[in-house]
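The next block holds one structure in the form of structure tokens; read it before the comments.
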Amino acid sequence: MTATTLLFRDDAYATSCEARVLGTTPEGGVILDRTVFYAQGGGQPGDAGAIVKASGDRFDITNTVYGADRSQVVHLVGAEAASRFADGETVQLQLDWHRRLKRMRIHTALHLLSVVLPYPVTGGAIGEGDGRLDFDIPDAGLDKADITEKLNALIARNAPVTERWITDEELDANPGLVKTMSVKPPRGSGRVRLVEIEGIDLQPCGGTHVRRTGEIGAVTVTDIEKKGKQNRRVRVSLVD
């Protein structure tokens with residue numbers, strides 16, 4: 001089985017690519033040999049956009065997910081549209097960049113939130129310009145204004161955001177890198193991708209991020225919810 005090459009892992013700013021059809025699914029998905037579309041996972045939604053045939057026919061991609069064994073990426077277009085694609089044909093992918101960039105900004109902001117609140121993370125989600133992290137915190141006393149101020153101070157440092165890879169063994173030898181209790185780091189290929197915010201944070205993550213923290217722009221903490229005896233949900237939104 002041919003795996004899908006994940007171009008977004010190397011360049012989160014790539015908005016289009018040429019790809020070859022590997023097959024289709026009964027659920028209305030098109031499997032491609034390469035993609036710039038992020039596949040749903042780790043709290044980040046799958047990308048949307050369009051797939052264009054050589055004839056010029058254009059079909060909306062409503063979501064992007066992994067196949068059963070997670071080696072292939074499925075672009076959901078609907079059963080009728082999927083039936084019009086043939087194995088081996090060449091197509092063009094066009095990403096909904098406006099939507100993706102908002103997710104990249106908020107995803108990077110959530111990394112910074114895990115620095116401002118240095119507690120174990122029990123869950124998280126990324127939306128359209130907003131997101132949240134759940135923290136294992138034994139007592140309350142969190143202040144929205146204080147967290148917002150500290151977050152924006154980190155963003156204003158305009159620190160570079162880079163990725164690198166380490167082996168599974170290196171990660172096992174450094175368990176402190178893993179902040180998230182509910183979602184395991186993306187692994188299985190023998191190596192794990194680390195996202196580093198220079199001088200601020202380093203943690204495993206398979207998602208998409210901006211290149212510098214300044215690209216996030218101003219954010220605000222919109223809500224802090226009690227979700228259990230030792231669980232606090234902190235919601236963050238982009239100001240623009």
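Residues Gly207 and Gln44 share a closest heavy-atom pair of CA-OE1, 3.8 Å. Of all non-hydrogen atoms in Asp130 and Ser237, the two that sit nearest each other are CB-OG, 3.4 Å. Between Ala48 and Arg99, the shortest heavy-atom contact is CB-NH1, 3.4 Å. Considering all non-hydrogen atoms of both residues, Ser114 and Gln203 come closest at OG-NE2, 3.4 Å. Nearest heavy-atom pair, Leu142 versus Arg232, reported as atom, atom and distance to 0.1 Å: CD1-CB, 4.1 Å. The two residues Lys102 and Leu238 have their closest heavy-atom pair at O-CD1, 4.0 Å.
Both Ile106 and Met104 are assigned to one and the same hydrophobic cluster, defined by single-linkage of ILVMFWY side chains at heavy-atom distances under 4.5 Å. Neither Tyr66 nor Leu76 shares a network with the other; the hydrophobic side chains, linked directly or stepwise wherever heavy atoms of I, L, V, M, F, W or Y lie under 4.5 Å apart, form separate groups for each. Note on Val161: it clusters hydrophobically with Leu151, by side-chain heavy-atom contacts below 4.5 Å among ILVMFWY residues. Cluster annotation: Val21 and Val52 are assigned to distinct hydrophobic clusters (Ile/Leu/Val/Met/Phe/Trp/Tyr, side-chain heavy-atom contacts under 4.5 Å, transitive). Under the 4.5 Å side-chain heavy-atom criterion for grouping Ile, Leu, Val, Met, Phe, Trp and Tyr, Val30 is not connected to Val65 through any hydrophobic cluster.
For Lys144 (side chain) and Val234 (main-chain N/O), no donor-acceptor pair under 3.5 Å exists by modelled atom type. Not a single donor-acceptor pair under 3.5 Å links the side chain of Arg9 to the backbone N or O of Thr208. A donor-acceptor contact shorter than 3.5 Å is absent between the side chain of Arg132 and the backbone of Asp223. Listed for the Asn152 side chain is a donor-acceptor partner under 3.5 Å among the backbone atoms of Thr148. At least one donor-acceptor pair closer than 3.5 Å links the side chain of Asp47 to the backbone N or O of Tyr38. Of the possible polar contacts, one joining the Gln72 side chain to the Thr2 backbone as a donor-acceptor pair under 3.5 Å is found. A side-chain donor-acceptor contact under 3.5 Å links Thr213 to the backbone of Ala159. Looking at Thr4, its side chain does come within 3.5 Å of a backbone N or O of Leu32 through a donor-acceptor pair. The closest donor-acceptor contact from the side chain of Thr108 to the backbone of Val210 lies under 3.5 Å.
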Test side-chain contact (heavy atoms from CB on, under 4.5 Å) on Leu6 and Val73; report intermediate values, then the result.
CA-CA 8 Å; Leu6 308 179; Val73 173; 3.5 Å; yes
If you apply the rule salt bridge (charged side-chain N to carboxylate O under 4.0 Å, His left out), what do you find for Asp134 with Lys227, and how did you get there?
CA-CA 8 Å; Asp134 296 348; Lys227 304 299 288 186; over 6 Å; no
Walk me through it: do Val121 and Phe135 pass the test side-chain contact (heavy atoms from CB on, under 4.5 Å)?
CA-CA 5 Å; Val121 176; Phe135 294 93; 3.9 Å; yes
Apply the test side-chain contact (heavy atoms from CB on, under 4.5 Å) to residues Val91 and Glu18: give CA-CA distance (whole Å), side-chain angles for both, the deciding distance (0.1 Å), then the verdict.
CA-CA 6 Å; Val91 297; Glu18 189 176 84; over 6 Å; no
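Side-chain polar atoms of Asn231 and Thr122 form a donor-acceptor pair below 3.5 angstrom. Counted by atom type alone, His75 and Thr35 present one or more donor-acceptor pairs between their side chains at under 3.5 Å.
A salt bridge links Asp146 and Lys150; the closest N-O separation between the charged side-chain nitrogens and carboxylate oxygens is under 4.0 Å. The residues Glu89 and Arg20 are annotated as not salt-bridged, no charged nitrogen and carboxylate oxygen being separated by less than 4.0 angstrom. Salt bridge present: Asp11 and Arg211 bring a charged side-chain N and a carboxylate O closer than 4.0 Å.
Here Arg84 contributes atom CZ and Thr24 contributes atom OG1; the two are 13.5 Å apart, rounded to the nearest 0.5 Å.
By the 6.0 Å contact criterion, CD on Glu198 is open, its count of non-hydrogen atoms from other residues, nucleotides or ligands being 12 or less. More than 12 non-hydrogen atoms from other residues, nucleotides or ligands lie less than 6.0 angstrom from CD of Glu225.
Each of His111, Arg105, Glu163, Glu215 was checked for a side chain to side chain donor-acceptor pair (under 3.5 Å) with His209, and the lone residue meeting it is His111.
For the pair Lys53 and Phe85, the cation-pi test (distance below 6.0 Å, angle within 45°) is passed.
Relative ring orientation between Tyr13 and Trp97 is described as tilted, the plane-to-plane angle lying within the 30° to 60° band.
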